[in-house]
K.L.:
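Dropping the structure in here first, questions after.
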Amino acid sequence: MVERRRRGWTENGGASRAAAEPMPDVPLIDVESGDVILIYGRGEEAVEAGTFLKEHFDVTVMIEPPAAIVPPRIAEFPVVKGKIRTATGHFGAFDVTVDDFAQPAPSSRDVLRFGSSRDGVRSRCGIIVDLSGREPLFTAADLRDGYLRADPRQPAALLQTILKARDLIGTFTKPRYIAFDSHLCAHSRSQIAGCTRCLDLCPAGAIAPAGDHVSIDRICALVVANVRPSARLARLPMRCRRQMH
């Protein structure tokens, strides 16, 4: 019985010892949020959010068509019309493509009116606050730092999201999660040997096909322990290094 117990401890202890192995230090990078924030919504709650954040950011409010809202009494920040077609990038460097984009007409009175619209307009911003109540702009949106969303019909969630956005201005220290060597990538070198494990493991969409290898966002919201089916994924928070106001 004693011998069997010892053998059991020995057999099961292998995993424990492996788990206790020290992990290498994760290199850190500084991420600048910038002061440009895009607030995307359907109604006046988006304008109210812009009013709250205008002292902290360079605000642009984008209202989904038809954008039938009362014009702000004072034009303290741009309020434009548009529907986001695609959004890519990461915290500090988002890139959005907008359809049905139009600037407000100066003659607006009771209802905000807009000029001629255009499709395919591109814009960059450091932070996106999504108050549209639609499907998220990103896969695994809760893992995408700098992309905040709330249901505009829930005032408590709306206020919490605005406060989170306010705290995102500054320079942050964030772990560099992935070291990528394109020479070792077998993504699509042949139809037989092509490997898509990293693509399959990344729900945040930060890894994308790029010919014979893959491209990886400079800032990924996931830690990839090992690129194999049993790899563990975990989120690490950003640490604020310097707060700027």
Side-chain angles (χ1 to χ4, degrees), residues 30-65 67-98 100-104 108 111-112 114 121-138 141-174 219 221 237-245:
D30 286 342
V31 184
E32 184 76 37
S33 68
D35 63 351
V36 178
I37 187 170
L38 173 65
I39 302 174
Y40 181 53
R42 290 183 289 170
E44 293 180 6
E45 66 280 344
V47 178
E48 292 172 1
T51 301
F52 186 91
L53 293 170
K54 64 183 175 61
E55 300 297 332
H56 307 276
F57 294 96
D58 181 357
V59 172
T60 295
V61 172
M62 182 180 296
I63 307 294
E64 276 194 348
I69 65 171
V70 177
R73 289 185 304 163
I74 302 175
E76 299 178 296
F77 46 82
V79 178
V80 300
K81 180 186 75 167
K83 183 175 179 60
I84 295 180
R85 183 203 307 171
T86 60
T88 58
H90 52 75
F91 176 64
F94 287 110
D95 194 327
V96 297
T97 302
V98 181
D100 201 3
F101 174 85
Q103 299 278 1
S108 299
V111 177
L112 196 60
F114 296 88
V121 174
R122 293 184 62 186
S123 180
R124 292 179 67 87
C125 58
I127 299 168
I128 299 176
V129 176
D130 184 356
L131 306 180
S132 68
R134 310 293 190 192
E135 289 296 314
L137 298 175
F138 296 95
D142 58 330
L143 299 176
R144 181 74 56 157
D145 290 319
Y147 173 66
L148 307 175
R149 60 191 297 265
D151 187 335
R153 298 167 297 183
Q154 299 180 5
L158 185 61
L159 177 59
Q160 184 179 27
T161 298
I162 294 172
L163 293 175
K164 284 182 180 178
R166 182 193 61 182
D167 293 338
L168 284 180
I169 191 167
T171 302
F172 297 83
T173 298
K174 189 174 177 67
I219 300 166
M238 293 188 301
R239 294 181 300 185
C240 182
R241 181 174 66 85
R242 184 175 68 249
Q243 201 75 12
M244 300 189 303
H245 298 284

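Just so it is clear, the values below take in all heavy atoms, side chains as well, and ignore hydrogens, waters and symmetry mates.
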K.L.:
Using 30° and 60° as the class boundaries, would you call the ring planes of Y147 and F138 parallel, tilted or perpendicular?
P.N.:
perpendicular
K.L.:
Once rounded to the nearest 0.5 Å, what's the spacing between atom SG of C125 and atom CG of D95?
P.N.:
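The distance works out to 8.5 Å.
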K.L.:
Quick one: CD1 on I69 to CG on L112, what's the gap to the nearest 0.5 Å?
P.N.:
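Atom-to-atom, I69:CD1 and L112:CG are 5.0 Å apart.
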K.L.:
Residues in side chain to side chain donor-acceptor pair (under 3.5 Å) with T60, at least two apart?
P.N.:
none
K.L.:
For F101, what residues pass the ring-ring contact (aromatic ring centres under 6.0 Å, His included) criterion, not counting sequence neighbours?
P.N.:
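So F101 forms no ring-ring contact (aromatic ring centres under 6.0 Å, His included) with any residue.
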K.L.:
If you look at every heavy atom in P152 and L158, which pair is closest and at what distance?
P.N.:
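Closest approach of P152 to L158: O-CD2, 4.4 Å.
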K.L.:
At their closest point, which heavy atom of T86 faces which heavy atom of I84, and how far apart are they?
P.N.:
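Minimum heavy-atom separation between T86 and I84: O-CG2, 3.4 Å.
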K.L.:
Quick one: pull up CD1 in I169 and CZ in F57 and give me the separation to the nearest 0.5 Å.
P.N.:
4.5 Å
K.L.:
Determine yes or no for a side-chain-to-main-chain donor-acceptor pair under 3.5 angstrom, with R149 supplying the side chain and S132 the backbone.
P.N.:
no
K.L.:
Which heavy atom in A150 sits nearest to a heavy atom in A157, and how many Å separate them?
P.N.:
CB-O, 3.7 Å
K.L.:
Please step through side-chain contact (heavy atoms from CB on, under 4.5 Å) for the pair V80 and Q103, ending with a clear verdict.
P.N.:
CA-CA 5 Å; V80 300; Q103 299 278 1; 3.5 Å; yes
K.L.:
Report yes if some heavy atom in the side chain of R124 is under 4.5 Å from a heavy atom in the side chain of V36; otherwise report no.
P.N.:
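When only atoms from C-beta onward are counted, V36 and R124 do not touch, as no gap falls below 4.5 Å.
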K.L.:
Please tell me if the side chains of F77 and D58 come closer than 4.5 Å, counting only heavy atoms from C-beta onward.
P.N.:
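F77 vs D58: side chains apart.
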K.L.:
Once rounded to the nearest 0.5 Å, what's the spacing between atom CZ of R85 and atom OG1 of T97?
P.N.:
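If I round to the nearest 0.5 Å, the distance is 6.0 Å.
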K.L.:
Of all heavy-atom pairs between L131 and A49, which one has the smallest distance, and what is that distance?
P.N.:
CD1-CB, 4.0 Å
K.L.:
Considering non-hydrogen atoms only, spot the tightest contact between A46 and V61 and give its length.
P.N.:
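Heavy-atom minimum between the residues: O-CG2, 3.7 Å.
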K.L.:
For the atom pair CZ (R166) and CG (L148), what is the distance rounded to the nearest 0.5 Å?
P.N.:
13.0 Å
K.L.:
Measure across L38 and M62 and return the closest heavy-atom pair with its distance rounded to 0.1 Å.
P.N.:
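Between these two residues, the closest heavy atoms are CD1-CB, 4.0 Å.
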K.L.:
Tell me whether E44 contacts the main-chain N or O of V70 through its side chain, where contact means a donor paired with an acceptor under 3.5 Å.
P.N.:
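Yes: the side chain of E44 pairs with the backbone of V70.
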K.L.:
Report yes if the side chains of H90 and D145 come closer than 4.5 Å at any heavy-atom pair, otherwise no.
P.N.:
no
K.L.:
Might you work through the side-chain contact (heavy atoms from CB on, under 4.5 Å) test for I37 and L168, ending with a clear yes or no?
P.N.:
CA-CA 10 Å; I37 187 170; L168 284 180; over 6 Å; no
K.L.:
Check whether more than 12 heavy atoms from other residues, nucleotides or ligands sit under 6.0 Å from atom NZ of K164, and answer yes or no.
P.N.:
no
K.L.:
I want to check something: taking the side chain as every heavy atom from C-beta on, are T88 and F94 in contact at a cut-off of under 4.5 Å?
P.N.:
no
K.L.:
Decide yes or no for R144 and F91: does some side-chain heavy atom of the first lie under 4.5 Å from some side-chain heavy atom of the second?
P.N.:
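No, their side chains stay 4.5 Å or more apart.
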K.L.:
At what distance, to the nearest 0.5 angstrom, does CG of D130 lie from CD1 of I39?
P.N.:
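So the CG of D130 and the CD1 of I39 are separated by 11.0 Å.
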